[in-house]
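A quick write-up on the structure given underneath.
What you see is a predicted model, and the numbers here were worked out from it, not measured in a lab.
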Amino acid sequence: PTTASFSRTAANRQANVRTPVSGLICAAIIVIAISFLTPLLAWIPKVALASIIVAAAARMFEHHTVALLWRLSRAETGICCIAFLACLLLDVAYGILVAAFASFALFVYQSSTPPIRERIERRCVPMYSA
């Protein structure tokens, strides 16, 4: 099950909220909704409620950040995609765990295969003209 804090974060981000007072206002609205609107809200299908959360979360996706990550490190972009798919297909906690293991595996691989460059020293021989 997901928590309501995720959808509240999405709503706050879309509304450009910058202060913690929004938490108090949101709590007051939730108390009013639970107190008076529960009989009416019980008839809303769960699919409709889920689509509202998905629509709000879709606007939180920053595609330019993924494009920047792709330019900086394609391996890290792969881990980002693995984390996304694992969270989508598995539970969120398992997705984070899979992403942590994938990141650790990438770290071990990059540590065990450092780039080796050959250094060539050139000696400058002065040329004198006679």
Study note, to complete from the structure: Rounded to the nearest 0.5 angstrom, the CZ-OG distance for F107 and S112 is 10.0 Å

Practice item. Just do the side-chain contact (heavy atoms from CB on, under 4.5 Å) check on L106 and E76 with the steps written out, would you? Key: CA-CA 8 Å; L106 177 67; E76 293 289 338; 3.5 Å; yes

Revision key, fill the gap. Side chain to side chain contact (heavy atoms under 4.5 Å, CB included) filter on L24, not counting sequence neighbours, yields none

Point to revise | Distance in Å, L69 CG paired with H64 NE2, rounded so as to fall on 0.5 Å steps | key: 12.0 Å

Revision key, fill the gap. d(L37 CG, I30 CD1) to nearest 0.5 Å is 12.5 Å

**Study point:** Evaluation steps, side-chain contact (heavy atoms from CB on, under 4.5 Å), between F104 and V108
**Key:** CA-CA 6 Å; F104 181 71; V108 169; 3.7 Å; yes

Review point. Roughly how far, to the nearest 0.5 Å, is the CD1 atom of I82 from the OG atom of S103?
Key: 10.0 Å

Point to revise | Transitive ILVMFWY side-chain link L90 to F101, under 4.5 Å | key: no

**Study point:** Transitive ILVMFWY side-chain link I79 to Y109, under 4.5 Å
**Key:** no

Practice item. Of all the heavy-atom pairs spanning I44 and A48, show the shortest one and how long it is. Key: CG2-CB, 4.0 Å

Check your understanding: Linking I/L/V/M/F/W/Y whenever their side-chain heavy atoms sit closer than 4.5 Å, directly or via other members, would L40 and L49 fall into one cluster?
Key -> yes

Review point. Where do A83 and A99 come nearest, in terms of heavy atoms and distance?
Key: CB-CB, 3.4 Å

